[in-house]
A.B. asks: 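Take a look at the following structure, please.
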Amino acid sequence: MAGKQKKALTYTLPEEFHVFGFSRDLLAWYDGQKRDLPWRINRDPYRIWVSEIMLQQTRVETVKPYYQNFMEKFPTVEALADAPEEEVLKAWEGLGYYSRARNLQSAAREVKTRYGGVVPDKPDEIATLKGIGPYTAGAILSIAYEKPEPAVDGNVMRVFSRLLLMTDDIAKPATRIKVEHLVRQVIPEGRAGDFNQALMELGALVCVPRTPQCLTCPVFDYCLARREGVQEELPVKGKAKPPRPVNLQVAVVRRGDRVLMNRRPEQGLLAGMWQFPMVETDADTPSVKQQTLLDGLSSRFGQDAEVLEPLMEVQHTFSHLHWNMEVWLCDWIDGGELPSDARFVTLEEISSLALPVAHQKIVEKLKSDR
DNA sequence: AAGCCGGGGTT
DNA sequence: AACCCAGGCTT
């Protein structure tokens, strides 16, 4: 067990970095320039929590309307814990990364039962809640409870890369650990929440990815990258793999004024969301594509249909996938009992289901055609 | 360590 | 078109 050496001691700040002046100047700037955001009206841990989950990999301006709506529908931990999962998913529709919504509700139920409805303020306890990782734990603990914990997100990684002229690959988990150690040494007494938010605010407004606005930066004097003129070369980040193409045949099966929809599995991509039935195929002729689709409808749902005409093509890109969807208008012919994860619904009923954006595009087309 | 998991804004 | 966003979970 002697193989692991303690690395924390190697994460020391440069001698020329003036911690006190930096914290003072950054906080002064934050006090004057911070944005007026809906989750900053108080320090209710639940409100902070919901905001931090929504803000994971999601821009502030995107989150705002979702946050307002979500807090109206689920104003407390208990309200969220007691809500039907489908309602939570619907409130999350379009926001992406839907496991965030499921984990948030699961964790709310945990907080209600295990912690009496009070979001825990201990690092060990809050870190066990679903959907709360190192960043979110630090954010809630510092912002809501003023605990001196780091909250290192993409903004903070970028700011520290430039500030301390770090050339570590910020895509690697080890780099986040390193930055957490550094931030921990810089958090000012009694202002952990504001300090963490100030670092993120700086990254969002001034120390932006492409062309940092160094001339208006409140901590210009402390920035080692700017001193060397290499601020635009940082941070270093490994390239992501391009999305993998997936070819899909999609069926809009009409039966009177209703269409066939099915619910996706509880796990995996777009878990639990509703969609038009579709099958993956690399077939390259229209007849084979159509037959593959009709065979799928028959075997998967026990419904017989015929293809009337091609309706539209939809392309949709995810982080790791690129969907090429060919949508066919079909007429229902015959069928038996549907499985429990499939239903014929009216266009009005569709609006109460949570749909991926790719399938919302099809709904819009159907509405415009009728 | 690498892959999976959405959708949209910026440059 | 490429990059990135107040990341976390699974393998």
Side-chain angles (χ1 to χ4, degrees), chain A residues 30 34-35 37-40 48-67 89 92-104 106-107 126-140 142-143 150-159 169-177 179-180 183 193-205 207-212 232 235-244 246 264-265 267-273 275 315-323 354-361:
Chain A
Y30 179 72
K34 68 179 177 184
R35 289 169 291 180
L37 301 174
W39 43 90
R40 286 181 175 163
I48 304 297
W49 178 17
V50 171
S51 76
E52 292 301 341
I53 300 298
M54 284 193 174
L55 286 163
Q56 288 171 4
Q57 295 293 289
T58 311
R59 288 184 154 70
V60 165
E61 292 306 316
T62 303
V63 166
K64 278 183 181 175
Y66 283 93
Y67 182 78
L89 206 52
W92 212 270
E93 180 188 70
L95 201 48
Y97 287 130
Y98 299 95
S99 65
R100 291 185 297 175
R102 300 163 151 277
N103 288 336
L104 176 59
S106 171
I126 201 167
T128 66
L129 296 174
K130 284 186 181 176
I132 298 187
Y135 162 75
T136 306
I140 297 173
S142 63
I143 298 170
V152 177
D153 71 337
N155 287 307
V156 179
M157 300 270 276
R158 183 172 59 255
V159 167
D169 184 348
I170 65 167
K172 297 187 179 304
T175 306
R176 195 205 75 236
I177 304 289
V179 173
E180 283 173 353
V183 170
D194 282 345
F195 182 74
N196 282 335
Q197 292 187 85
L199 283 175
M200 294 188 273
E201 199 86 341
L202 186 71
L205 301 180
C207 197
V208 294
R210 299 293 210 288
T211 52
E232 298 200 15
V236 174
K237 185 176 185 181
K239 292 196 195 309
K241 287 177 55 178
R244 173 174 61 88
V246 177
R264 296 179 61 89
Q267 301 222 335
L269 182 67
L270 303 166
M273 302 191 80
Q275 65 175 10
Q315 305 229 20
H316 193 79
T317 304
F318 303 86
S319 308
H320 58 302
L321 297 175
H322 181 81
W323 277 3
L355 263 62
V357 166
H359 288 260
Q360 291 177 33
K361 295 173 185 173

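Nothing here was measured: the structure is a model prediction, and the numbers come from that model. Below, all heavy atoms of this structure are taken into account, side chains as well, without hydrogens, waters or symmetry copies.
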A.B. asks: Starting at the 5' end of DNA chain C, which residue's closest nucleotide do you reach first, Lys130(A) or Pro235(A)?
C.D. replies: Pro235(A)
A.B. asks: What string of B, S and - do you get for nucleotides 6-11 of chain B 5' to 3' if you count protein non-hydrogen atoms under 4.0 Å?
C.D. replies: BBBB-S
A.B. asks: Please give the distance between the C1' atoms of dC9(C) and dG8(B) as a whole number of Å.
C.D. replies: 23 Å
A.B. asks: Quick one: does any side-chain atom of Glu201(A) pair with a main-chain N or O of Arg35(A) as donor and acceptor, under 3.5 Å?
C.D. replies: yes
A.B. asks: Could you check whether any side-chain N or O of Ser106(A) sits under 3.5 Å from a backbone N or O of Leu104(A), counting only pairs where one atom can act as donor and the other as acceptor?
C.D. replies: no
A.B. asks: Could you list where the contact with chain A starts and ends along DNA chain C, reading 5' to 3', using a 4.0 Å heavy-atom cut-off?
C.D. replies: dA2(C) to dC9(C)
A.B. asks: Taking it one step at a time, do Ile53(A) and Thr136(A) satisfy side chain to side chain contact (heavy atoms under 4.5 Å, CB included)?
C.D. replies: CA-CA 7 Å; Ile53(A) 300 298; Thr136(A) 306; 4.0 Å; yes
A.B. asks: Take atom C1' in dC5(C) and the same atom in dG6(B), then report the distance between them in whole Å.
C.D. replies: 12 Å
A.B. asks: So does His322(A) get a backbone contact from the side chain of Gln315(A), meaning a donor-acceptor N/O pair under 3.5 Å?
C.D. replies: no
A.B. asks: Check for a donor-acceptor pair, side chain of Arg264(A) on one end and backbone N or O of Gln275(A) on the other, with a separation under 3.5 Å.
C.D. replies: no
A.B. asks: Take atom NE2 of His322(A) and atom P of dC4(B), then tell me their distance rounded to the nearest Å.
C.D. replies: 17 Å
A.B. asks: With a 4.0 Å cut-off on heavy atoms, is Thr136(A) in touch with a base, just the backbone sugar-phosphate, or nothing at all?
C.D. replies: sugar-phosphate
A.B. asks: Across the strands shown, which category fits Arg158(A) at heavy-atom distances under 4.0 angstrom: base, sugar-phosphate, nothing?
C.D. replies: sugar-phosphate
A.B. asks: Identify whether any heavy atom of Arg264(A) sits under 4.0 Å from a base atom; if not, whether one sits that close to sugar-phosphate; answer base, sugar-phosphate or nothing.
C.D. replies: nothing
A.B. asks: What's the gap between dC4(C) and dC5(B) when it is taken at their C1' atoms, as a whole Å value?
C.D. replies: 16 Å
A.B. asks: Could you check whether Trp323(A) gets within reach of a base, just the sugar-phosphate, or nothing at all, counting any heavy atom under 4.0 Å?
C.D. replies: nothing
A.B. asks: For the pair Trp323(A) and His316(A), name the ring-plane relationship: parallel under 30°, tilted 30 to 60°, perpendicular over 60°.
C.D. replies: tilted
A.B. asks: With sugar-phosphate meaning primed atoms plus P, OP1 and OP2, does Glu201(A) contact a base, only sugar-phosphate, or nothing at under 4.0 Å between heavy atoms?
C.D. replies: base
A.B. asks: Is the side chain of Tyr66(A) donor-acceptor paired with the backbone N or O of Glu93(A) at a distance under 3.5 Å, no angle test?
C.D. replies: yes
A.B. asks: Going by the salt bridge (charged side-chain N to carboxylate O under 4.0 Å, His left out) test, which pairs reach into residues 94-103 of chain A, not counting sequence neighbours?
C.D. replies: Glu85(A)-Arg102(A), Arg102(A)-Glu266(A)
A.B. asks: Check this for me: Lys130(A), atom NZ, are more than 12 non-hydrogen atoms of other residues, nucleotides or ligands nearer than 6.0 Å?
C.D. replies: no
A.B. asks: Say you pick atom P in dG9(B) and the same atom in dG8(C); how far apart are they, in whole Å?
C.D. replies: 23 Å
A.B. asks: What's Ile143(A) touching, base or sugar-phosphate or nothing? Going by heavy atoms closer than 4.0 Å.
C.D. replies: nothing
